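Since the structure comes first, as C-alpha cells, the remarks are kept for the end.
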Amino acid sequence: MMKKLLYGLVCCCSLAYGQNQDTSDVLMLNDDWSFSQVGTEKWLPATVPGTVHQDLIHHKLLPDPFYGTNEKKIQWVEDEDWEYKTCFVVTEEQLKRDAAQLFFEGLDTYADVYLNGSLVLKSDNMFVGYAVPVKQVLRKGENLLHVYFHSPIKQTLPQWSSNGFNYPADNDHHEKRLSVFTRKAPYSYGWDWGIRMVTSGIWRPVTLRFYDVATIADYHVKQLSLTDQVAKLSNELEINSISEKEKSAEVLISYSLQGGKEVTVKKNVTLKPGLNKIHIPLDIQNPVRWMPNGWGEPHLYDFSAQVICDGKTIASRQHRIGLRTIRVVNEKDKEGESFYFEVNGIPMFAKGANYIPDDALLPCITTERYRTLFRDMKEANMNMVRIWGGGTYEDDRFYDLADENGILVWQDFMFACTAYPSDPTFLKRVEEEAEYNIKRLRNHASLAMWCGNNEILEGLKYWGWQKNYTPEVYENMFRGYDKLFRGLLPAKVQELDEGRFYKHSSPYFANWGRPESWGIGDSHNWGVWYGKKTFESLDTDLPRFMSEFGFQSFPEMKTIATFAAPEDYQIESEVMNGHQKSSIGNDLIRTYMERDYIVPEKFEDFVYIGLVLQGHGMRHGMEAHRRNRPYCMGTLYWQLNDSWPVVSWSSIDYYGNWKALHYQAKRAFAPLLVNAIQEGDSLNIYLISDMLEKQSQLTLEMKVIDFNGKTLDKEVIKAVEVPMNTSSCIVRKPLDTWVNPEQRKSSFLLLSLKDKSGRKVAEEVYFFDKTKNLELPQTAISMKVKQLDGKCELTLSSPKLAKDVFVQIPVQGARFTDNFFDLLPGENKKITITSPEIKKGESLNITVKHVRDTYN
Ligand code: BMA
C-alpha cells in the first residue's frame, strides 16, 4: 500500500542522522546505486545524492556541458525517463524494531519509488522531503529499492497543451514554457545567467531509520521574548507515537551555557498513539545574544531534545539556537514606507547580495564550497544574503553557516519572474512545500524574513503581460497571485512561524521606471543596466532598501579558458555567446565602458576593463546607499555567485574567483567608511559608520597627490567623531578649490582616517575625472615574491600611479588579501595569495596588469 507522509511530520535535520544519540538505527542508503535510461536496459553505477546529468558525465555519455557549445548537446536528457536502483541488507534485529521509515530528503522530481515490488511513494515536488513508513514491505536480507523518474518535460506536456496559453516565463529557454507547472528549481530550465539543465535524480540523501515506540517529528525552539535579563523560550515538540497504547515517557531538554555547563529541563508526558504536541517552557537568564557580522559574535546555544521511554532514549534531536530579535520595520512614514531590519533593537543597515544556486547541478556543491562562500561574504563585510526565488530552498548546511557567520537570510519562496498556475493540485503542492520548508528553517537565528516571490507583481503590472494575454487570462493570473502570495503563503507563515515577517513580493510596490514609487519599500533598480542610466544616477535614484541592482561582467580569463579555446576569444564568438545569456548584455557592457573608459581592442583587455567597470560602478551605488542612511537602509546587489562559468552580474565566478566587484563590495561595506562624492559643484566628504560604538579622536587627512607622487595639497581635520550607525557629511567644498582643471586629470585625492595612535582605520582614493579622461602614466610595477607551501607573498610597487592593478595567477579559487587596487606612487603594497595548489619552489606564473597597460 502506498503512503506518503510529509517530512514536516517526521524528522527534519540531517545533523540528527549524523549524530545518532538515541536507540534508533539509521542506515544511510546513498551507496551502490545504479542507473539506466528507460528502454535501454543498460545499467551503470550511479552517485547518490546526484543527478542523471552528473552520472552521464561521469560515464562520458555526456560531454562537459559547460564547455564550448555543449549545452546544445545535452538537452535530450530532459526528455527521457530514468531509473535508479540499489540493494541493501536488513537484519533480523532491525526488522524486530517497531517501525522503519524510509526518508528521501530530496527527489527531483516526478518519481515513483518501489521497495521490493511495492509502490511506496509517488513524489511531485523537488522542494519537499518524503518520509515513508516501510516496515511492512521490508525483508530480512536483501531489499531492492527502485526509483523511476518521469521526464519533467513529458510529465507536464499534457498540462501545457490543455492550458491554452504559454506562461510569461521568459527565462525558461524552451518555446513551450513547462517550468511553471512543476515544483522544481526554476533556474534549471535556463535563466539570463543560467545554462539549461533540466535535471532528474535523487538530489539529497536517502536514509532508512529503524526505531521503537516513537520519533520526534518536529522540534521547534520558539523564542517568545528576549530581554537582556531573560530569554523566554518554548520547546515545541511533535512526537509521533506508533504504539497502539498510551506510553509514559520523559522529555529532556538540555542546552549548554557559555563555558560548557549543561542545563536540563524535564517533563513527564503520556504519549498517545499518533501525533503528540508537547510544549516545554524554558527561561535563560542573562542570555548571550546572537549578533550579525560586524556587530559582535553570533553566539549559538546547543539545544537537544530527548524522549526517554522505559529507561532508553528512543528519539533525539539537536538544534543550534541563536537568541536575537529581528523586526522588519515596514511602516508608513513621511517619505513613503520604510523597509529596514532592526536587530536586537538596533536599526541595521543591510549589506549583502543576492544568492543564486551555486551550481547548475546542485549535488555538486560541497560543504567546502558553502564554507568558502560564507567566508567570501563575511570578508566582504556583509551581514545579509537574499536567497532569490528562482533557485531552491537551500541546504541545511547553508543556514547552519549563516547562523555561525552572523549573516542574516532573506528567504524567498521559490517563485520568480512569471505567473504560475493556481489550480487545486498546484496549490496543494505549494502548501506541502511551504509547510516542509518553514518547519525546516524556522529554528535558524539567521532567518530574517520570508518573501513570497521575486518580481512577479512587478511582472504582472509592468512587463506588458496585459497585452500578451486575453483579459480573462490576465485577470486569472492576478487572482492566482492573490491566492498564492497573499493567501496561502502568509497563512502558512502565520501558522508555523508566527512573528516572522512576510512580504508577498520583492519588490512589492516600487518600480524602477516610476520615481514616484521609490519611497515605498524595497526596490530593484534596473535603471542602471536595463534603463541605461549612469552609475551616478544611483546617487539620487534612492530606494528605502535596495534589494537588487546589478551590472554584468565577463569572468576573468582563467575562467573563460575553462570553456573556450583561444580561437573563441572574441566577444561575439559562438562559444562566448553561448555563455552570455542576456541578449542585450554585450552591448550594454560596451555602452557603459565607452562612457568611462577607453575601450580596449584586445579581448583579454576588454574582459579586464569590464571587471574594473563593474566593480567601480557597483561600488558607487553601494556607497550612495550607505551615505543616504537612514532614508535608505540596505543594499543587496545582484548577484553574489554563478552556477556555471558565464558572463553575469556576479561578484564571484563559478570557480570561486573574486571579481573586482567583490573587492569593491568589501571596500564599500567597510564598517567605517570615508567617502568622497561630487554633489553639484561641490566635492563632499562623508563619514559613515555601521559600528555600534562611537568612534572618537580620529584624524582625517586629505591629500591631493599627482600621478608621479608629488603632494599638491594637504589638509588635516583633528578630533573627528563618528557617532554609531550614522552617515554624515564632514566636508563640503567647491570642487575647484580642491584642484584646478589640469590637475583633475593628473591627480587624486587620498583620504585617510586615523585613530589616535596613528593607525589607519579607513581610506579612500578618489579620482576627479572619469578614468578615460585621466592622464594615466606608463609605469612598470616591480614585484618581490616570496613563495611558500600554500601561499605566496607579494610586495608590489611603482614609481607612478598604477590604476586598478589586477594580479593574476593560473590557479582557480586562489584567495587574494587584495586585488583590483590602485597602487599609489611610491607605495609598497603587500598582498598574500593562498591556495593549496601553491608550492614552494614550483614556478608560478604571476601576471600584473593595470589600466594604462591596455592603451595601445
Ligand atoms: C533580476 C533577478 C533575475 C535576473 C536579474 C538580471 O531581476 O531577479 O531574475 O537574473 O534580474 O536580469
Side-chain angles (χ1 to χ4, degrees), residues 30 33-38 44-67 70-85 104-113 123-130 147-157 169 171-174 176-191 193-206 356-366 369 390-395 414 416 429 433 581 642-646 654:
N30 299 325
W33 286 87
S34 50
F35 82 114
S36 170
Q37 181 181 342
V38 171
L44 290 166
T47 304
V48 169
T51 59
V52 69
H53 287 82
Q54 280 163 263
D55 290 326
L56 291 169
I57 293 164
H58 176 78
H59 291 289
K60 305 212 168 5
L61 296 170
L62 271 193
D64 172 1
F66 299 165
Y67 193 80
N70 285 350
E71 181 182 3
K72 291 183 202 151
K73 299 184 190 147
I74 62 158
Q75 294 309 316
W76 61 273
V77 178
E78 65 183 41
D79 295 316
E80 300 301 322
D81 291 358
W82 300 92
E83 288 175 282
Y84 279 75
K85 67 179 183 193
F104 290 94
E105 276 191 56
L107 288 167
D108 175 15
T109 292
Y110 298 106
D112 303 337
V113 180
S123 72
D124 53 26
N125 191 331
M126 172 188 181
F127 303 128
V128 171
Y130 294 91
V147 186
Y148 186 109
F149 287 99
H150 298 270
S151 148
I153 302 299
K154 286 198 297 198
Q155 182 81 13
T156 46
L157 254 181
N171 290 297
D172 181 333
H173 293 165
H174 195 286
K176 296 175 183 163
R177 280 109 178 227
L178 298 165
S179 53
V180 292
F181 297 110
T182 299
R183 296 310 298 147
K184 173 169 168 62
Y187 84 110
S188 68
Y189 292 80
W191 213 267
W193 38 259
I195 184 172
R196 181 180 173 98
M197 287 177 89
V198 186
T199 47
S200 285
I202 304 168
W203 76 289
R204 281 179 170 163
V206 192
I356 62 163
D358 205 41
D359 208 294
L361 300 172
L362 291 162
C364 290
I365 315 172
T366 57
R369 274 171 68 177
T392 65
Y393 306 90
E394 261 300 327
D395 196 277
M414 292 303 126
R429 284 179 191 160
E433 160 188 334
K581 300 294 185 186
D642 280 334
S643 58
W644 69 306
V646 66
Y654 177 69

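Bear in mind the structure is a predicted one, so any value in this text is a computation, not a measurement.
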Go through the steps to decide whether W76 and L62 satisfy the test side-chain contact (heavy atoms from CB on, under 4.5 Å), and finish with yes or no. CA-CA 10 Å; W76 61 273; L62 271 193; 3.6 Å; yes

Given side-chain contact (heavy atoms from CB on, under 4.5 Å), test W82 with L56 step by step and report yes or no. CA-CA 11 Å; W82 300 92; L56 291 169; 3.7 Å; yes

The test is side-chain contact (heavy atoms from CB on, under 4.5 Å); show your working for L107 and V113 and say whether it passes. CA-CA 10 Å; L107 288 167; V113 180; 4.1 Å; yes

May I have the step-by-step check of side-chain contact (heavy atoms from CB on, under 4.5 Å) for K581 and W193, ending in yes or no? CA-CA 5 Å; K581 300 294 185 186; W193 38 259; 5.7 Å; no

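N171 and Y189 share no side-chain donor-acceptor pair at under 3.5 Å. Judged purely by distance below 3.5 Å, without hydrogens or angles, the side chains of Y110 and T182 pair a donor atom with an acceptor atom.
Separation of atoms CG (D55) and OG (S36) is listed at 11.5 Å; rounding is to 0.5 Å. In this structure, I153 CD1 and Q75 CD are separated by 9.0 Å, a value rounded to the nearest 0.5 Å. Atom CZ of R183 sits about 14.0 Å away from atom OG of S123, to the nearest 0.5 Å. Residue K176 holds its NZ atom at 5.5 Å from CG of L157, rounded to the nearest 0.5 Å. Note: R429 CZ to T109 OG1 = 9.5 Å, rounded to the nearest 0.5 Å. Rounding to the nearest 0.5 Å places CD1 of I74 at 13.5 Å from CG of L61.
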Show the atom names and distances, to 0.1 Å, of all donor-acceptor pairs under 3.5 Å that link a side chain in residues 44-51 to residues at least two apart or in another chain.
| residue | atom | partner | partner atom | Å |
| --- | --- | --- | --- | --- |
| T51 | OG1 | Q54 | N | 3.2 |
| T51 | OG1 | Q54 | OE1 | 2.9 |

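Heavy-atom minimum distance, A169 versus S179: CB-OG, 4.3 Å. The two atoms that bring V128 and E433 nearest to each other are CG2-CA, 3.6 Å, heavy atoms only. Closest of all the heavy-atom pairs between E71 and R196 is OE2-N, 2.8 Å. Listed here is the closest heavy atom pair of T199 and A360: CG2-O, 4.4 Å. Listed here is the closest heavy atom pair of S151 and D81: N-OD1, 2.8 Å. The two residues Y130 and D124 come nearest to each other via the heavy atoms OH-N, 3.2 Å.
Counting heavy atoms from C-beta outward, D112 and H150 have side chains that approach closer than 4.5 Å. The shortest distance between side-chain heavy atoms of N30 and V206 falls below 4.5 Å. For the pair W33 and I202, the minimum side-chain heavy-atom distance is below 4.5 Å. Considering only heavy atoms from C-beta on, D359 comes within 4.5 Å of R369 through its side chain. The shortest side-chain heavy-atom distance between V646 and W191 does not fall under the 4.5 Å cut-off. Two residues are said to be in side-chain contact when any heavy atoms from C-beta on lie closer than 4.5 Å; M126 and L362 meet this criterion. The shortest side-chain heavy-atom distance between P152 and S200 falls under the 4.5 Å cut-off. In this structure the side chain of M197 never reaches within 4.5 angstrom of the side chain of S188, judged on heavy atoms.
The environment of H59 atom NE2 is dense: over 12 non-hydrogen atoms of other residues, nucleotides or ligands sit within 6.0 angstrom.
For the ring pair (Phe, Tyr, Trp, His ring centres under 6.0 Å) test, no residue two or more places apart in sequence or in another chain qualifies with Y187. Partners of F127 by ring pair (Phe, Tyr, Trp, His ring centres under 6.0 Å), not counting sequence neighbours, listed by chain and number: Y393.
Salt bridge annotation for D108-K184: present, with a cationic side-chain nitrogen under 4.0 angstrom from a carboxylate oxygen.
Using cut-offs of 30° and 60° for the angle between ring planes, the W644 and F66 rings count as tilted.
Between the side chain of D172 and the backbone N or O of L178, at least one donor-acceptor pair lies under 3.5 Å.
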